[in-house]
Visitor: 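The following block contains the structure, expressed as structure tokens.
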Amino acid sequence: MAFQDTDTGRPGAAPDPSPGNRGDGATPAIELRGISKSFGPVQANKDIAIRVMPGTIHGIIGENGAGKSTLMSILYGFYKADAGEIRIHGKQTAIPDSQAAISAGIGMVFQHFKLVENFTVLENVVLGAEDGALLRPSLAKARKLLKQLSDEYELHVEPDAKIEDLGVGMQQRVEILKALYRQADILILDEPTGVLTPAEADHLFRILDGLKREGKTIILITHKLREIMETTDTVSVMRRGEMTATVRTADTSPEELAELMVGRKVLLRVDKTAAQPGAPVLQVEDLRVVDSQGVERLRGVSLDVRRGEILGIAGVAGNGQSELLEVLGGMREGQGRVLVNGEPIDLTGTRSDARTRRRRGIGHVPEDRQREGLIMNFYAWENVAFGYHDDPAYNRGPLMDQAAIRADTEAKIAKFDVRPANAWQEARNFSGGNQQKIVIARELERNPDLLLVGQPTRGVDIGAIEFIHEQIVALRDQGKAILLVSVELDEIMSLSDRIAVMFDGRLMGERLPSETDERELGLMMAGISDTGGDHDIAEVERNLAHPSGDPHKES
Amino acid sequence: MDKMPKWADVLLIPLLNLVLALVVSGLVVVLIGQDPFEAMAIMVRGAVGSTYGWGYTLYYATNFIFTGLAVAVAFHAQLFNIGGEGQAQLGSLGVALVCLFVPWPHWSLALAAAIAGGALFGAAWAAIPAYLQAKRGSHIVITTIMFNFIASALLVYLLISSLKAPGMAPETARFPEATRLPFAQDVFAAIGIDWSRSPLNVSFLVGLAACWLVWLLIWRTRLGYEIRAYGQSEPAARYAGISQVKIVMVTMLISGALAGLMGINAVMGEQQRLLQDNVLGAGFVGIAVSLMGRGHPVGVLLAAILFGALYQGGAELEFETSVPREMIVVIQALVILFTGALDNMVRDPVSRMFLRWGRRKPTPQPAGD
């Protein structure tokens, strides 16, 4: 494989003692020795060793596909390791299933919550851990415990609320309460902040801190360097199935961690000059979208994107950003007025679709590349023609000119450094980053006047993120207009020339990146426009719990 | 290597399925007190042991090619057309009308017109469920199967009223002699080869041409590309500007037309008149043929010949032994069961076996690791 490998991997090396060791000679709360697991020819975990001391927060960081989730699934009994042992409080423990993990004191908060939507909080907490055939005593006991926990750790939830009426942040707390009700003292959280606003994420980390002070052990899996730096005591880095390093968080830096994750130096910020905006390319006035259930997803959105600038739309997933991209990309109908280069666009769907949008010079990198942007079972070359398959250059008489498409694919693969450089490989066999590069290559090489980009780096490895950001900025510098939608606030902050925040189908306002910060944007994302005032987490959550947009859309 | 090689997927697995089906069939034959090896020998000899056997085998295969292609084309758009039976019946009606009411000077002209008539009627019969699916979201499986019953009732009605020939039977008059398609024995006799009498006729060549055209359509044209893309992912099709209504309609029209073409073999080629049931379940066998052929025209062709051989071999078995007719249906059903429904039962272990093989080969990793 043409991938630069540094010498950070230490195959076969003995597990070094964790630097997070507080009391000398203390027994680690959890210790893994030589864990290996492979799926077919893919080695997902290779000789993994970790020791986590009680009362600490340990971060595990790594790119998509580095093996973090596999490791946690082994800990929680979903997979059986091929080799290695697990020790809990010094005692070797077999974890054949999740029941065994729970009785060993391990609690897991998954990225996608596992809650019964039309049950109350209390019922969800008790579910599967009832004391007897009758529910009432269990519920009474849980109610008492919930009260106690909410006082101790800021884990406030309304015990009788139904899950479907709660916001994501609160649902996550229910998951934590579920684990605590089962007397977990080792808590594993998998990408817990993916769906949270900054305020909610801060609140979560305060809760985790409180739990840590009570002596709980917490393992935090994430790909966000900032979270690792701010919350953990020790951190392990995984790369391609191996644990490449375990360090004390205080002794490392984001740059060093990124390098350990990727195996080479990476640029963490985006290098770009100030924008030189020109004439407006996209003008949107009072755009409205009603979905098939009759819910209004866009409630009168107006915005402009000019030549040579990137307008970033920030917001919690499910607040109308997807619908905005879809209606502009011709995948959905809407009402309102949209001009591209001064010419109106038909929004009714009768005279236009995604194909006519492309002819108008609109490129679209969709939010979900696996469902929309690519046909996963098609070869790379078939995907390069996707959406542009009626281009005369790709056709010869009634038949498609496959040789021409393949030649074009080879050129795009070379230019965008898609690996492996194989036009005959099916899309599903490329990594997330390389899949995204195929989509970006296809859309950018058409030289669109307006590029719609949704979640350009979701599930993409750091090395490719850098490259994709560079490409987007380069397109801007050629004088193109770019509308960027992302739920990653960091990405919005570093790429955008202007930032608009979306909440509940409306734009809350616009800010310049130089004149705002995450706190302010975070409050706007929760529908709070008076960002100067003091706002507590309860207000943020109240707002996010009841937008007409469906917060579960993404999961 | 993260999956098994292609040849194993397209050849080995169907073959294993077939062998398993035959083994279980053999056990059933033992249960009713017959010698399975002898039964097998009779079936093989009956199906491919003579030009007579081949004639019948390929005659049946021609029917299954058309109905199998019909299912396969629809399946590429993720549409499950189980209305091949009804579409073939309507196609037969179209063929019959063309042959009965136009005085054709030569069979070749009649054939061209019958192809058009059969395709048109079959497509029209598929158009209604297709429209209901595309515009109204009525599930195509439900509507097409309903349309099978309507087609059958419609045909009976026509055969006892306006199309009925004088006599007792609900059937049309015999087609004019000029519309008779050359049989295999006629063609082979012309080049001096002795071929037994069988219903095999030039429709078989039309079937081969249909295979090639379907391959061209699905893998070489823009429409085929759009059909496959739509079948793989509907949201992606919307993203690319591929119209759902267009793909559902066009795909089902093509599918119905292919099923309708079966009429030229059964009605024009063999019976030379329209009977109450010309299709005899070929529409349903088409589903199994398409599944076993993995939706690829070459696969469909091979699977159609296999099922043709099973039909013909089964008929011989019934004729020569005391194995009852129902037994042959059981054997055919077992083949369908193993190749279609139980495909993964064989697929999973075989692919695991290939994975283990793949891993044992030296991988580019340092030895001491």
Side-chain angles (χ1 to χ4, degrees), chain A residues 1 9 11-12 38-43 46-47 242 325-326 329-332 349 352-359 364-378 382-383 385-391 394-402 405 426-429 439 442 452 454, chain B residues 1-6 9 75-78 137 212-213 215-247 294-295 348 350-369:
Chain A
M1 197 182 279
S38 50
F39 299 98
V42 181
Q43 184 100 33
K46 195 168 164 190
D47 198 20
E242 290 181 58
L325 282 185
E326 286 173 7
M331 296 171 67
R332 194 185 259 285
S352 69
D353 57 14
R355 205 180 298 212
T356 60
R357 293 286 200 283
R358 288 189 176 82
R359 288 199 207 108
H364 185 182
V365 177
E367 288 191 301
D368 188 338
R369 63 177 164 271
Q370 306 206 338
R371 232 166 68 89
E372 297 167 346
L374 296 167
I375 300 283
M376 298 307 275
N377 285 333
F378 274 17
E382 288 176 300
N383 273 301
F386 195 53
Y388 301 96
H389 49 277
D390 48 3
D391 181 340
Y394 287 161
N395 289 279
R396 206 179 37 198
L399 303 185
M400 291 185 90
D401 189 348
Q402 299 194 348
I405 299 173
E426 283 133 344
R428 71 182 131 85
N429 292 331
V439 178
R442 180 180 72 207
L452 310 170
Chain B
M1 188 174 69
D2 59 346
K3 54 177 186 156
M4 60 183 154
K6 198 153 183 175
D9 186 39
F75 213 70
H76 278 289
Q78 212 64 212
W212 181 71
L213 284 172
W215 173 82
L216 203 66
L217 168 78
I218 296 292
W219 278 281
R220 285 295 181 272
T221 67
R222 203 153 67 231
L223 177 63
Y225 177 88
E226 291 189 345
I227 289 174
R228 285 186 297 134
Y230 175 82
Q232 293 281 334
S233 165
E234 232 181 289
R238 200 167 343 117
Y239 162 77
I242 296 168
S243 155
Q244 181 239 351
V245 173
K246 173 187 146 188
I247 296 299
R294 303 242 160 283
D348 289 349
V350 170
S351 79
R352 266 203 296 280
M353 196 185 73
F354 271 100
L355 281 180
R356 260 204 299 281
W357 258 8
R359 230 191 303 167
R360 214 173 295 148
K361 282 179 201 149
T363 45
Q365 274 184 2
D369 213 331

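Just so it is clear, the values below take in all heavy atoms, side chains as well, and ignore hydrogens, waters and symmetry mates. Below, chain A is the first sequence line, B the second, and so on; all start at residue 1.
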Visitor: Should the pair Tyr239(B) and His364(A) be assigned to parallel (<30°), tilted (30 to 60°) or perpendicular (>60°) ring geometry?
Guide: perpendicular
Visitor: For Arg359(A), is it the side chain, the backbone, both, or neither that has a heavy atom closer than 4.5 Å to a heavy atom of chain B?
Guide: neither
Visitor: Heavy-atom cut-off 4.5 Å, strictly under: side chain, backbone, both or neither for Arg228(B) against chain A?
Guide: both
Visitor: Counting only non-hydrogen atoms closer than 4.5 Å, does Arg357(A) touch chain B with its backbone (N, CA, C, O), its side chain (CB onward), both, or neither?
Guide: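 No part of it gets close to chain B.
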Visitor: Side chain, backbone, both or neither: which part of Glu226(B) has a non-hydrogen atom closer than 4.5 Å to chain A?
Guide: side chain
Visitor: Determine whether Asn395(A) and Arg222(B) make a side-chain contact, defined as any pair of heavy atoms from C-beta on separated by less than 4.5 Å.
Guide: yes
Visitor: Using heavy-atom distances under 4.5 Å, tell me whether Glu382(A) contacts chain B through its side chain, its backbone, both, or neither.
Guide: both
Visitor: If you count heavy-atom pairs within less than 4.5 Å of chain B, which of Asp401(A), Leu399(A), Asp353(A) leads?
Guide: Leu399(A)
Visitor: Can you tell me which portion of Asp368(A) sits under 4.5 Å from chain B's heavy atoms? Options are side chain, backbone, both or neither.
Guide: neither
Visitor: I need the Phe386(A) CZ to Ser233(B) OG distance, nearest 0.5 Å.
Guide: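 Between atom CZ of Phe386(A) and atom OG of Ser233(B) there are 7.0 Å.
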Visitor: Are the side chains of Glu372(A) and Arg238(B) in contact, using a 4.5 Å heavy-atom criterion?
Guide: no
Visitor: State the CD-CZ distance between Glu234(B) and Arg371(A), to the nearest 0.5 angstrom.
Guide: 9.5 Å
Visitor: Picking from Ala385(A), Gly387(A), Ala354(A), which has the most non-hydrogen pairs under 4.5 angstrom with chain B?
Guide: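 Of the options given, most contacts go to Ala354(A).
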Visitor: Can you tell me which portion of Ile242(B) sits under 4.5 Å from chain A's heavy atoms? Options are side chain, backbone, both or neither.
Guide: both
Visitor: How close do Ala236(B) and Ile375(A) get, heavy atom to heavy atom, and via which atoms?
Guide: CB-CD1, 3.8 Å
